[in-house]
Asker: 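One structure follows; several queries about it will come next.
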Amino acid sequence: MMKKMLCFLLAVLTAGLTAGCDRDVEPDLTDYAVGPAQIPVEILGDLDGETRQALTGEPKYVALTFDDGPRADTTGRLLEGLAARGAAATFFIIGEQVQGNEYLLCRMAADGHQIGNHTYSHTRLTKVDAEHMVEEINKSEVVLREVVGNRSFWLRPPYGQMDTKRAEQVRTPMIYWSVDPQDWKLLDAAKVAEAVIGSVHSGDIVLLHDFYATSVDAALQIVDRLQAEGFIFVTVEELFRIQGVTPQTGVLYARPDKTRPLG
């Protein structure tokens with residue numbers, strides 16, 4: 001009986017092999033169809049960053065930045081909203097506005113936000129001599145250190161203006177922006193939010209002002225919408241580190257991968 005069964009199985013196997021010579025048989029790839037499709041490295045290397053992220057599911061990072069604060073009511077509400085959403089940001093502080101708002105800077109530091117320098121009195125640095133410019137930057141740094149300790153306070157020149165000669169006197173990286181919804185002009189939370197959401201890409205630095213209530217509302221709408229799209233909100237310093245860029249002193253950056261020409 002066993003011998004007959006072995007003969008029968010052999011005949012079936014032989015028939016299958018013979019049939020395979022006469023026609024194409026679709027292979028059973030069930031065991032290999034597990035997990036996402038792998039895209040060849042050669043192809044990924046030819047794609048732009050945004051397309052590559054969409055195909056591979058890589059995280060998308062963006063840095064929200066806020067100028068002209070702190071202001072007790074608006075900045076305080078913004079910090080509460082960012083904490084509730086687990087979003088980090090960068091605040092470029094005007095030195096003369098720190099007094100009376102020290103607790104806001106302490107909250108920024110405790111929550112992991114980056115604190116930057118926006119000069120002491122929001123002076124247009126290209127319109128003053130080099131000595132006055134250095135004084136504006138250093139005076140603000142002194143105030144910031146007294147509150148949050150010794151650290152590097154990256155500079156955002158007021159109005160984003162800086163020239164080559166004055167840049168040589170700056171001892172930190174300088175940060176411009178790549179997305180500007182002109183929130184100070186619109187003063188409309190919905191319009192500001194749509195302007196950012198409709199143009200932002202991974203790696204962008206967004207300019208906002210925590211001095212305006214409408215900008216705070218817009219910022220929180222932006223975080224909600226973009227987090228739902230897979231964006232992660234980080235500080236400017238973290239954005240540079242994630243992208244593997246070491247920022248240079250006296251250089252004005254629109255993004256980690258893009259510098260801004262000096263005047």
Asker: Does the side chain of V192 reach to within under 4.5 Å of the side chain of P181, using non-hydrogen atoms?
Answerer: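 Heavy-atom side-chain distance check passes, below 4.5 Å.
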Asker: Calculate, to the nearest 0.5 Å, the distance between atoms NZ and NE2 belonging to K127 and H132 respectively.
Answerer: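 Result: 14.5 Å between the selected atoms.
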Asker: Would a hydrophobic clustering, with Ile, Leu, Val, Met, Phe, Trp and Tyr connected at side-chain separations under 4.5 Å, put L187 with V216?
Answerer: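 Looking at the clustering, V216 is in a separate group from L187.
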Asker: Quick check on the hydrophobic clustering: are I115 and Y103 connected, directly or via other members, by side-chain heavy-atom contacts under 4.5 Å?
Answerer: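 Yes: a chain of side-chain contacts under 4.5 Å links I115 to Y103.
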Asker: Please check if the number of heavy atoms outside R145 that lie under 6.0 Å from its CZ is greater than 12.
Answerer: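 Check passes, neighbour count above 12.
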Asker: Considering non-hydrogen atoms only, spot the tightest contact between F233 and L226 and give its length.
Answerer: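 For F233 versus L226, the nearest heavy atoms are CZ-CB, 3.7 Å.
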Asker: I'd like to know if R255 and D257 make a salt bridge, using a cut-off of under 4.0 Å between side-chain N and carboxylate O.
Answerer: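 Yes.
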Asker: Can you see which heavy atom on P70 is nearest to which on I94, and at what distance?
Answerer: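 Shortest heavy-atom separation between P70 and I94 comes out as CD-O, 4.4 Å.
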Asker: Would you say the side chain of F66 lies within less than 4.5 Å of the side chain of L78, judging by non-hydrogen atoms?
Answerer: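 Yes, side chains in contact.
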Asker: I'd like to know whether the aromatic ring centres of H113 and F91 sit less than 6.0 Å apart in this structure.
Answerer: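 Centroid distance H113-F91: below 6.0 Å, so yes.
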Asker: So I175 and F92, side-chain contact (heavy atoms from CB on, under 4.5 Å) or not? Walk me through it.
Answerer: CA-CA 10 Å; I175 304 301; F92 290 98; 3.8 Å; yes
Asker: For a quick test of reading the model, state the closest non-hydrogen atom pair linking A219 to L64 and the distance between them.
Answerer: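 Smallest heavy-atom distance, with atoms named: O-CD1, 4.4 Å.
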Asker: Distance-only criterion, 3.5 Å: show the donor-acceptor pairs between side-chain atoms of residues 243-254 and protein atoms not counting sequence neighbours.
Answerer:
| residue | atom | partner | partner atom | Å |
| --- | --- | --- | --- | --- |
| Q248 | NE2 | T246 | O | 2.9 |
| Y253 | OH | Q248 | N | 2.8 |

Asker: With a 4.0 Å cut-off on N to O distance, would you call R71 and D210 a salt bridge?
Answerer: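 The answer is no: the pair does not qualify as a salt bridge.
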Asker: Which residues pass the side-chain contact (heavy atoms from CB on, under 4.5 Å) test with T235, sequence neighbours left out?
Answerer: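 Result, side-chain contact (heavy atoms from CB on, under 4.5 Å) vs T235: A88, T90, Q114, E237, E238.
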Asker: Going by side-chain contact (heavy atoms from CB on, under 4.5 Å), name the residues that satisfy it together with V142, two or more places apart in sequence or in a different chain.
Answerer: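 Only E146 meet the side-chain contact (heavy atoms from CB on, under 4.5 Å) criterion with V142.
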Asker: Using the side-chain contact (heavy atoms from CB on, under 4.5 Å) rule, pick out the option among L207, I222, D180, V62 that qualifies with V196.
Answerer: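 Among L207, I222, D180, V62, the one that satisfies the side-chain contact (heavy atoms from CB on, under 4.5 Å) with V196 is I222.
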Asker: Hey, does V206 have a side-chain heavy atom less than 4.5 Å from the side chain of V200?
Answerer: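 Side chain of V200 against side chain of V206, heavy atoms only: contact under 4.5 Å found.
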Asker: Can you tell me how far the NE2 atom of H209 sits from the OG1 atom of T65, to the nearest 0.5 Å?
Answerer: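 The distance works out to 8.5 Å.
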Asker: If hydrophobic clusters are built by linking Ile, Leu, Val, Met, Phe, Trp and Tyr wherever their side-chain heavy atoms come under 4.5 Å apart, do V223 and Y212 end up in the same one?
Answerer: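 V223 and Y212: separate clusters.
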Asker: With rounding to the nearest 0.5 Å, note down the distance linking OG in S152 to CZ in R171.
Answerer: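 Rounded to the nearest 0.5 Å, the OG-CZ separation comes to 9.5 Å.
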Asker: Going by heavy atoms in the side chains, are L82 and D111 under 4.5 Å from each other?
Answerer: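 When only atoms from C-beta onward are counted, D111 and L82 do not touch, as no gap falls below 4.5 Å.
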Asker: Any non-hydrogen side-chain atom of I232 less than 4.5 Å from a side-chain atom of K60?
Answerer: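 Not touching, per the 4.5 Å side-chain cut-off.
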Asker: Please find the pair of heavy atoms, one from L144 and one from G116, that lie closest to each other, and give the distance.
Answerer: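 That would be CD1-O, 3.8 Å.
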Asker: Does H118 form a side-chain contact (heavy atoms from CB on, under 4.5 Å) with Q97? I'd like the steps, not just the answer.
Answerer: CA-CA 11 Å; H118 202 38; Q97 293 179 196; over 6 Å; no
Asker: Taking C-beta and beyond as the side chain, do V179 and I205 meet within less than 4.5 Å on heavy atoms?
Answerer: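 Side chain of V179 against side chain of I205, heavy atoms only: no contact under 4.5 Å found.
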Asker: Under a 3.5 Å cutoff, is there a donor and acceptor pairing between the side chains of D204 and S178?
Answerer: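 A donor-acceptor contact under 3.5 Å links the two side chains.
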Asker: Tell me every residue that passes side-chain contact (heavy atoms from CB on, under 4.5 Å) with K191, counting only those two or more places apart in sequence or in another chain.
Answerer: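 Testing K191 for side-chain contact (heavy atoms from CB on, under 4.5 Å), a comparison that skips the adjacent residues, returns L186, D188.
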Asker: State whether a side-chain donor-acceptor pair under 3.5 Å links E136 with T123.
Answerer: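 Judged by distance alone, the side chains do pair up.
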Asker: Could you tell me if R166 and T126 have a donor-acceptor pair between their side chains, going purely by distance under 3.5 Å?
Answerer: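 No, no side-chain donor-acceptor contact under 3.5 Å.
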Asker: Applying side-chain contact (heavy atoms from CB on, under 4.5 Å) to Q161 and L125, what does each step give before you reach the verdict?
Answerer: CA-CA 7 Å; Q161 296 179 354; L125 298 179; over 6 Å; no
Asker: Tell me which pairs pass ring-ring contact (aromatic ring centres under 6.0 Å, His included) where either residue lies in residues 161-183, with sequence neighbours left out.
Answerer: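 Matches after skipping sequence neighbours: none remain.
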Asker: Name all pairs fulfilling the side-chain hydrogen bond (donor to acceptor under 3.5 Å, both in side chains) condition that reach into residues 213-229, sequence neighbours left out, sorted by first residue then second.
Answerer: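 Of all non-adjacent pairs touching residues 213-229, those that pass side-chain hydrogen bond (donor to acceptor under 3.5 Å, both in side chains) are R77-D217, R85-D224, D183-S215, E194-R225.
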Asker: State the OH-CZ distance between Y159 and R124, to the nearest 0.5 angstrom.
Answerer: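 Atom-to-atom, Y159:OH and R124:CZ are 5.0 Å apart.
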Asker: Has the side chain of S202 got a donor or acceptor atom that lies under 3.5 Å from a matching backbone atom of Y61?
Answerer: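 Checking the backbone N and O of Y61 against the side chain of S202, a donor-acceptor pair under 3.5 Å is found.
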Asker: Output, in order, the C-alpha distance, side-chain angles, deciding distance and verdict of side-chain contact (heavy atoms from CB on, under 4.5 Å) for N117 and I93.
Answerer: CA-CA 5 Å; N117 187 345; I93 303 297; over 6 Å; no
Asker: My understanding is that only one of R260, R156, M174 makes a side-chain contact (heavy atoms from CB on, under 4.5 Å) with M162; could you say which?
Answerer: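 Considering R260, R156, M174, a side-chain contact (heavy atoms from CB on, under 4.5 Å) with M162 is found only for M174.
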Asker: Ignoring hydrogens and geometry, is there a side-chain-to-backbone donor-acceptor pair from H201 to S199 under 3.5 Å?
Answerer: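 Judged by distance alone, yes, a pair lies under 3.5 Å.
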Asker: Search all heavy atoms of R151 against all heavy atoms of A109 and return the closest pair with its distance.
Answerer: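 Smallest interatomic distance, heavy atoms only, reads NH2-CB, 4.1 Å.
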Asker: Assigning hydrophobic clusters by single linkage (Ile, Leu, Val, Met, Phe, Trp, Tyr; side-chain heavy-atom cutoff under 4.5 Å), is F211 placed with V143?
Answerer: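 Different clusters.
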Asker: Would R107 and E102 pass as an ion pair if we require N to O under 4.0 Å?
Answerer: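 Looking at R107 and E102, the cut-off is not met.
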Asker: Determine whether a donor-acceptor pair (N or O, by modelled atom type, separation under 3.5 Å) exists between the side chain of D163 and the backbone of L262.
Answerer: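 The answer is no, because no donor-acceptor pair under 3.5 Å joins these two groups.
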Asker: Rounded to the nearest 0.5 Å, how far does OG1 of T164 lie from CD of E168?
Answerer: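 Rounded to the nearest 0.5 Å, the CD-OG1 separation comes to 7.5 Å.
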Asker: State, to 0.1 Å, how close V148 and C106 come at their nearest heavy-atom pair, and which atoms those are.
Answerer: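 Residues V148 and C106, closest heavy atoms: CG1-N, 4.4 Å.
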